[in-house]
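Whatever order the structure lists ligands and atoms in, that order sets their numbers, starting from 1.
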Amino acid sequence: MTRGAFIVIEGLDRSGKSTQAARLLERIEAASKSVQLLKFPDRSTPIGQLIDSYLRSRSDMDDHTIHLLFSANRWEISSKIKSLLESGTTIICDRYAFSGIAFSASKALIEESSPPSSSPLTYEWCRAPDVSLPAPDLTLFLDISPEQAARQREGYGEERYEKLEMQARVREVFARIGKEIGAEGWVTIDAGRSREEVEKDIWEKVSPLVEGVNGPVNALWNDLL
Ligand code: DGP
C-alpha cells in the first residue's frame, strides 16, 4: 500500500521557499494528485499567535520557552500530517523541525558574547523536543547567501531573525543538519538562480515521489532515543 510523500522545504529567510512551495503545489495539483501545503510556524493557532507576536518583536520570551513553543506548534499539527499521509495525500511543508534547530541554536551562538548562560541552547538540546515527529521523506534546502537573500525583497529586517550575521550562522547549522540526515533525505538546491531554474530542479527531485511512497510514516530522529 502506498501513502502520500512528506516533502519539506527549508532555507534562510527570503530564500524563495514560499514561492517555490506554491509552485510545487500547482505542479502536483496539475498532475491530479491529492496534495496539501502546510507552513510552520502555523501562526493561526493560539500557540502560533504567541510565536507571531515574538517574531514581530511585540513580545519577548526566554529562548527556551519560545523554542518549545515552535516545537509545540509542530506537535499540534503532527497527527493531521500523519493522517493526511496515510490517506494518500502528499504534503509540502514550508519549514519544519530543521528550522527549529537552525534558528534557536544560531541565536544562542550569536549571543555567546553576553554573560554565559547556565543552560545554553545547544544543537542537541534544540533537537530534543522534535524527536519522534513524522519524518519527512525528502527535505529540499534552498541554499542562498544571506546577502543575496537580503536583496531578494523589500522589507528585509522587519522580523526578529532577519540579520546577516544571524542568517550566516543559520546557514552553517543547516549545513550540519544536512550532513547528518544524508543525501538520501536532504537535497541542497542552489536558490541563487532564477525561479524557473530552481523550480525545475525541485520538480526533478519531487516528481518520483508524488506517485506515492511505500512503507509507514517514519519517526524523526527516533534512532536517538
Ligand atoms: P517564516 O514564516 O517562514 O518567515 O518564518 C518565521 C521565522 O521564524 C523565520 O525567521 C524562521 C523562524 N523559525 C521558523 N521555525 C522556527 C523554529 O522552530 N524555531 C526558531 N527559533 N525559529 C524558527
Which option, K17, R160, R56, R43, owns the non-hydrogen atom nearest atom 6 (C) of ligand 1? R43
Option with minimal heavy-atom separation from atom 17 (C) of ligand 1, where the choices are F70, F103, Y161: F70
Does a donor on one side chain sit under 3.5 Å from an acceptor on the other, for Y54 and E159? no
Please state which part of L55 comes within less than 4.0 Å of ligand 1, counting heavy atoms only: side chain, backbone, both or neither. side chain
Just need the protein heavy atom nearest to atom 9 (C) of ligand 1, so name the residue and atom and give the distance. D13 OD1, 3.0 Å
Show your reasoning for whether side-chain hydrogen bond (donor to acceptor under 3.5 Å, both in side chains) applies to S71 and D130. CA-CA 6 Å; S71 177; D130 285 333; 2.7 Å; yes
So for ligand 1, is R95 a polar contact partner (N or O within less than 3.5 Å, distance only)? yes
Nearest non-hydrogen protein atom, atom 1 (P) of ligand 1: K39 NZ, 3.5 Å
Got more than 12 heavy atoms from elsewhere within 6.0 Å of CZ, R176? yes
Flag if over 12 foreign heavy atoms under 6.0 Å of CD, E76: yes
Is the gap between the ring centers of F40 and W75 under 6.0 Å? no
When you measure from the heavy atoms of R74 to every atom of ligand 1, does any distance fall below 4.0 Å? yes
Please step through side-chain hydrogen bond (donor to acceptor under 3.5 Å, both in side chains) for the pair S132 and N222, ending with a clear verdict. CA-CA 6 Å; S132 296; N222 252 18; 2.6 Å; yes
Quick test: of every protein heavy atom, which one is nearest to atom 21 (N) of ligand 1, and how far off is it to 0.1 Å? S104 OG, 2.9 Å
Is it the case that one hydrophobic cluster holds both F141 and Y96, taking links as side-chain heavy atoms less than 4.5 Å apart, direct or via other members? yes
Proximal ligand 1 atoms for G100, defined as those under 4.0 Å from one of its heavy atoms: 17 (C), 18 (O), 19 (N)
